[in-house]
Amino acid sequence: MKRPAVTVCSMSLATLVLVAFSLQPVWADPPADQHSRNGYGKDGYGGHGMGMGMMLHGSTSHLIRHLLRHQKDIGLTDEQVGKLKELQLNLDKTRIKSEADIQIAERELRALVEDDKSDLAAIEAKLKQSEELQVGLRLAAIKARREALALLTPEQREKQKGIHEKMMQEHKSAGRRHGSPKGEPKKDDGKAN
């Protein structure tokens, strides 16, 4: 009587694998039109799409670049600047290595799935490996963000927030000048500028 349970488990695993491969992987090769500035994709993070790991890495990298760009306005010391630069370098190295490892795991997974003789346990192990690598990248970004913010004094954090809010308002204002708030082009009212 245990045979139906085994069949249900096997069918569930097979369905999971099919669903996983019917969706485009976060780390798949980008379409050719995504390659743009400095070899990065349109998202600015290596062209691999904006999976959660990339969003966190991008957000943390953006924060560190913001802090370094406004170091005088925020009042960062030379020691803080040095530590932030070291954090940025370490995060970049982690991202580059992790992305390469994830791409390799995804390609190996694709090869396993395309081979009808592949063992489902091997496919499952490769899926888990890819997920663990992605979790590692996300965690590295979270740790780096916390470390960067921990370097700041409460006063520096307030200055940083103020500068960030001002920049966000400027971006919103610039967007309104170039189109409607919803991103639709302004209608020509027939008046000359």
Side-chain angles (χ1 to χ4, degrees), residues 23-99 102-103 133-193:
L23 302 173
Q24 180 162 347
V26 171
W27 306 101
D29 289 330
D33 65 338
Q34 282 191 0
H35 294 288
S36 61
R37 62 191 182 283
N38 300 326
Y40 290 101
K42 68 180 180 179
D43 54 41
Y45 303 103
H48 302 295
M50 284 293 283
M52 186 56 72
M54 296 312 300
M55 285 191 291
L56 286 172
H57 169 267
S59 172
T60 301
S61 290
H62 177 78
L63 169 67
I64 295 171
R65 282 192 312 272
H66 170 80
L67 292 171
L68 291 171
R69 190 175 302 124
H70 298 282
Q71 59 185 280
K72 291 197 185 333
D73 300 328
I74 296 169
L76 298 178
T77 65
D78 289 343
E79 182 181 358
Q80 288 172 311
V81 169
K83 287 181 179 179
L84 286 169
K85 286 180 179 180
E86 183 180 345
L87 268 175
Q88 182 70 59
L89 177 62
N90 290 336
L91 182 58
D92 284 346
K93 287 169 29 177
T94 298
R95 176 192 55 84
I96 291 165
K97 184 180 182 329
S98 295
E99 284 181 1
I102 291 165
Q103 286 180 350
L133 291 165
Q134 291 178 47
V135 167
L137 179 56
R138 292 175 69 184
L139 189 57
I142 291 167
K143 286 179 180 177
R145 181 179 189 82
R146 287 187 173 185
E147 287 178 43
L149 291 173
L151 291 172
L152 305 179
T153 66
E155 296 80 19
Q156 290 171 329
R157 280 188 185 213
E158 286 305 312
K159 288 179 184 179
Q160 181 270 328
K161 285 180 186 176
I163 292 168
H164 184 260
E165 288 172 9
K166 181 181 175 188
M167 289 175 60
M168 293 305 290
Q169 288 301 319
E170 289 172 2
H171 285 296
K172 285 181 183 178
S173 295
R176 288 190 190 112
R177 285 192 301 265
H178 296 289
S180 72
K182 293 183 180 180
E184 299 164 1
K186 285 186 176 181
K187 293 181 182 175
D188 185 13
D189 61 3
K191 295 180 184 176
N193 289 337

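Index from 1, following the sequence. Predicted, not measured: the structure shown is a model, and the values here were computed from it.
- Between Lys159 and Ile74, the closest heavy-atom pair is CD-O, 3.4 Å.
- Under the 4.0 Å criterion applied to side-chain N and carboxylate O atoms, Glu79 and Lys83 are assigned as salt-bridge partners.
- Annotation: the span from Gln88 atom CD to Leu91 atom CG amounts to 6.0 Å, rounded to 0.5 Å.
- Taking NE2 from His164 and NZ from Lys161, the interatomic distance works out to 11.5 Å, rounded to the nearest 0.5 Å.
- Side-chain contact between His62 and Arg65: present, with at least one pair of heavy atoms (C-beta onward) separated by less than 4.5 Å.
- For the atom pair CD1 of Ile102 and CG of Leu133, the computed distance is 5.5 Å after rounding to the nearest 0.5 Å.
- For the side chain to side chain donor-acceptor pair (under 3.5 Å) criterion with Gln80, the lone passing option out of Gln156, Gln71, Lys85 is Gln156.
- Within the 4.5 Å cutoff, the side chain of Leu67 has no heavy atoms near those of the Leu151 side chain.
- Between Arg95 and Glu99, at least one side-chain nitrogen of the basic residue sits less than 4.0 Å from a carboxylate oxygen of the acidic one, meeting the salt-bridge criterion.
- The CG atom of Leu152 sits 7.0 Å away from atom CG of Leu84, with the distance rounded to the nearest 0.5 Å.
- Between His66 and His70, the ring-plane angle classifies as tilted under the 30° and 60° cut-offs.
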Side chains of residues 139-150: which donor-acceptor pairs under 3.5 Å do they make with residues two or more places apart or in other chains?
residue: Arg145; atom: NH1; partner: Ser59; partner atom: OG; Å: 3.4

